[in-house]
Amino acid sequence: MNRNYYIFKSGTLQRKDNSIRVVTEDKIKKDIPCETVSDLYVFGEINLNTKLLNFLAQKEILLHVFNYYGFYSGSFSPRDKNVSGFLLVKQVGHYSEYEKRLMLAKKFIDAASYNIYRNVRYYNGRGVNLEGVLKEIALLREKLNRTNSIEELMGIEGNIRKKYYESWNDIIKQNVNFTKRIKHPPENMINTLLSFANSLVYTTALAEIYKTQLNPTVSYLHEPGVARFSLSLDIAEIFKPLIAERMIFSLLNKNMISEDDFEKESNYLYLKESARKIIVEEYDKRLQRTIKHKELNKDVSYRYLFRLECYKLIKHLTEEKEYEGFKIWW
């Protein structure tokens with residue numbers, strides 16, 4: 001199975017025969033056989049050329065770039081070979097007809113909010129009293145199907161996350177004082193962790209969409225915009241509670257990450273390189289975890305769950321089977 005490769009050292013990225021060669025600033029060379037690569041994540045300052053980009057495009061390898069401080073900058077995706085005019089028309093049609101778009105948006109939020117509920121319920125059953133939060137989230141979830149607009153839907157989703165985030169001070173054993181999500185820029189260690197982990201989930205969603213015939217720029221919950229793959233945001237919404245947020249709880253509760261892993265002078269805005277390495281290693285392990293899929297009756301990886309979500313969406317768009325978002329069952 002192909003895997004992600006994470007490059008933290010600065011230097012040069014180049015093609016070497018049928019491999020990708022990393023040459024660090026201190027002239028250390030490492031060759032990565034292209035057959036083993038799914039995606040490349042670049043965190044260091046890397047020089048590359050069009051010869052390498054053409055090679056990555058030929059091998060259908062995505063390249064994700066993060067800046068010096070660990071913030072996601074963008075992705076290079078090869079020219080899409082899995083094109084389908086028929087599916088694109090269907091995809092755009094479900095966006096253009098508001099009722100169809102609203103239905104899909106509700107499905108995304110229903111699944112994402114249920115997965116949030118399951119996270120809270122998990123810790124409520126392990127000595128943390130979160131009964132009040134569970135009841136409030138359940139009441140808010142009941143309102144989802146009665147919404148008449150995506151704006152109203154996202155307002156309810158925002159209230160669900162507000163209640164969810166308020167419970168983090170009880171879930172996390174460290175003293176984090178976290179109640180509010182702030183993105184631009186993150187203002188404390190939890191917001192910084194969330195931004196970093198969410199960007200990893202987003203790029204995984206993009207990579208799996210790329211392997212299907214879906215167009216990543218046509219979305220339903222998030223408004224399509226210029227220069228962003230908004231369908232990746234829709235699908236990532238479902239998997240953030242399962243992968244990003246459970247990972248954050250684990251890293252903090254096991255003291256694998258603490259305040260010392262952030263630059264305090266920047267108000268905890270930046271993760272140190274050593275911490276980013278710990279996080280991506282843990283993230284990669286979680287992508288490779290497997291579960292027994294109830295419908296397929298076989299083991300599938302967390303990463304493959306993203307692909308299955310794309311296939312379910314395609315069946316909905318082509319009117320083969322109504323879409324239901326992925327919900328945690330274990």
Side-chain angles (χ1 to χ4, degrees), residues 102-183 186 188-191 193-195 197-198 201 221-222 233-257 282 286 289 291-295 302 305-306 309 323-330:
L102 180 60
M103 177 188 176
L104 280 171
K106 286 181 180 180
K107 296 287 188 181
F108 287 127
I109 292 298
D110 177 60
S113 63
Y114 179 81
N115 293 338
I116 285 172
Y117 182 89
R118 288 297 296 247
N119 278 0
V120 177
R121 195 178 82 172
Y122 174 87
Y123 283 96
N124 185 63
R126 283 158 177 77
V128 183
N129 184 7
L130 299 171
E131 287 291 344
V133 178
L134 284 171
K135 289 177 182 177
E136 290 182 280
I137 291 176
L139 287 172
L140 287 166
R141 290 193 72 249
E142 290 176 3
K143 298 179 181 180
L144 293 175
N145 279 330
R146 299 198 294 270
T147 57
N148 297 309
S149 71
I150 291 169
E151 291 76 13
E152 185 183 358
L153 182 69
M154 295 190 80
I156 295 172
E157 188 265 348
N159 288 331
I160 289 171
R161 282 207 163 266
K162 183 176 184 296
K163 297 299 179 184
Y164 178 44
Y165 291 145
E166 288 173 358
S167 73
W168 284 34
N169 291 303
D170 296 314
I171 291 173
I172 297 168
K173 296 175 183 177
Q174 297 185 36
N175 182 19
V176 294
N177 191 27
F178 174 68
T179 57
K180 186 178 180 182
R181 177 75 172 114
I182 297 175
K183 302 178 184 179
N188 57 40
M189 61 179 281
I190 300 296
N191 276 303
L193 274 175
L194 272 168
S195 292
N198 287 348
V201 177
L221 174 62
H222 295 84
L233 296 173
D234 285 2
I235 291 176
E237 204 70 37
I238 295 171
F239 293 102
K240 287 190 295 187
L242 171 64
I243 303 179
E245 288 151 18
R246 286 192 175 187
M247 178 181 70
I248 288 172
F249 297 152
S250 177
L251 289 170
L252 292 173
N253 285 342
K254 293 178 180 178
N255 290 313
M256 296 169 69
I257 297 290
E282 181 64 23
R286 287 173 183 263
R289 284 184 181 176
I291 56 165
K292 186 82 168 186
H293 198 279
K294 291 194 297 185
E295 293 182 14
Y302 279 21
L305 289 173
F306 287 83
E309 210 63 17
Y323 173 76
E324 293 291 339
F326 169 82
K327 294 180 179 179
I328 300 169
W329 63 80
W330 65 96

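Starting from 1, each residue takes its place in the sequence as its number. The structure presented is a predicted model; accordingly, all values stated were derived computationally and were not measured.
Looking only at distances, no side-chain donor or acceptor of N169 sits under 3.5 Å from a matching main-chain atom of N175. Distance alone, capped at 3.5 Å, places no donor-acceptor pair between the E237 side chain and the A112 backbone. In this structure a side-chain-to-backbone donor-acceptor pair under 3.5 Å is missing from N198 to L193.
Across every non-hydrogen atom of A244 and A197, the tightest pair is CB-CB, 3.8 Å. The shortest heavy-atom contact between T147 and L144 is OG1-O, 2.7 Å. Of all non-hydrogen atoms in R161 and P241, the two that sit nearest each other are NH2-CG, 4.1 Å. When all heavy atoms of M189 and L252 are compared, the pair lying nearest together is CE-CD2, 3.7 Å. Heavy-atom minimum distance, I109 versus E157: CD1-CG, 3.3 Å. Scanning all heavy atoms of the two residues, the minimum distance from I238 to G325 falls at CD1-CA, 4.4 Å.
Heavy atoms of other residues, nucleotides or ligands lying less than 6.0 angstrom from NZ of K135 number 12 at most. Enclosure of atom CG in N255 by more than 12 non-hydrogen atoms of other residues, nucleotides or ligands within 6.0 angstrom is indicated.
Rounding to the nearest 0.5 Å places CG of L130 at 11.0 Å from OH of Y117. Remark: I190 CD1 to I172 CD1 distance equals 4.0 Å, nearest 0.5 Å. Separation of atoms CD (E142) and CD1 (I156) is listed at 11.0 Å; rounding is to 0.5 Å. To the nearest 0.5 Å, the span separating CG on L134 from CD1 on I137 amounts to 6.5 Å. The CG atom of N115 sits 9.5 Å away from the CG atom of D110 when rounded to the nearest 0.5 Å. Summarising the geometry, atom CD1 belonging to I116 is positioned 12.0 Å from atom CG belonging to L242; distances are rounded to the nearest 0.5 Å.
A side-chain donor-acceptor contact under 3.5 Å links S195 and R181.
Here F326 and Y114 keep their ring centres 6.0 angstrom or further from each other.
Checked for salt-bridge contact, R286 and E282 meet the test: a charged N lies under 4.0 Å from a carboxylate O. Between R146 and E152, no side-chain nitrogen of the basic residue sits less than 4.0 Å from a carboxylate oxygen of the acidic one, so the salt-bridge criterion is not met.
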Should I328 and N119 be marked as a side chain to side chain contact (heavy atoms under 4.5 Å, CB included) after you check the CA-CA gap, both sets of side-chain angles, and the distance that decides it?
-> CA-CA 9 Å; I328 300 169; N119 278 0; 4.2 Å; yes

How far apart are the C-alpha atoms of L153 and L221, what are their side-chain angles, what is the distance that settles it, and do they pass the side chain to side chain contact (heavy atoms under 4.5 Å, CB included) test?
-> CA-CA 9 Å; L153 182 69; L221 174 62; 4.2 Å; yes

Please report the C-alpha distance between Y123 and F249 in whole Å, then the side-chain angles of each, then the deciding distance to 0.1 Å, and finally whether the ring pair (Phe, Tyr, Trp, His ring centres under 6.0 Å) criterion is met.
-> CA-CA 10 Å; Y123 283 96; F249 297 152; 5.4 Å; yes

When you look at H293 and L305, which way does the side chain to side chain contact (heavy atoms under 4.5 Å, CB included) test go after all the steps?
-> CA-CA 9 Å; H293 198 279; L305 289 173; 4.1 Å; yes

Please test W168 against L194 for side chain to side chain contact (heavy atoms under 4.5 Å, CB included), starting from the C-alpha separation and ending with a verdict.
-> CA-CA 12 Å; W168 284 34; L194 272 168; 3.7 Å; yes

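Put simply, the side chain of Y323 reaches to within 4.5 Å of the side chain of E309, judged on heavy atoms. Considering only heavy atoms from C-beta on, N191 stays 4.5 Å or farther from K183 through its side chain.
For residues 162-179, the pairs satisfying salt bridge (Lys or Arg N to Asp or Glu O under 4.0 Å) are E136-K163, K162-E166, with sequence neighbours left out.
Take Y122 and apply the ring-ring contact (aromatic ring centres under 6.0 Å, His included) test, not counting sequence neighbours, and it matches no residue.
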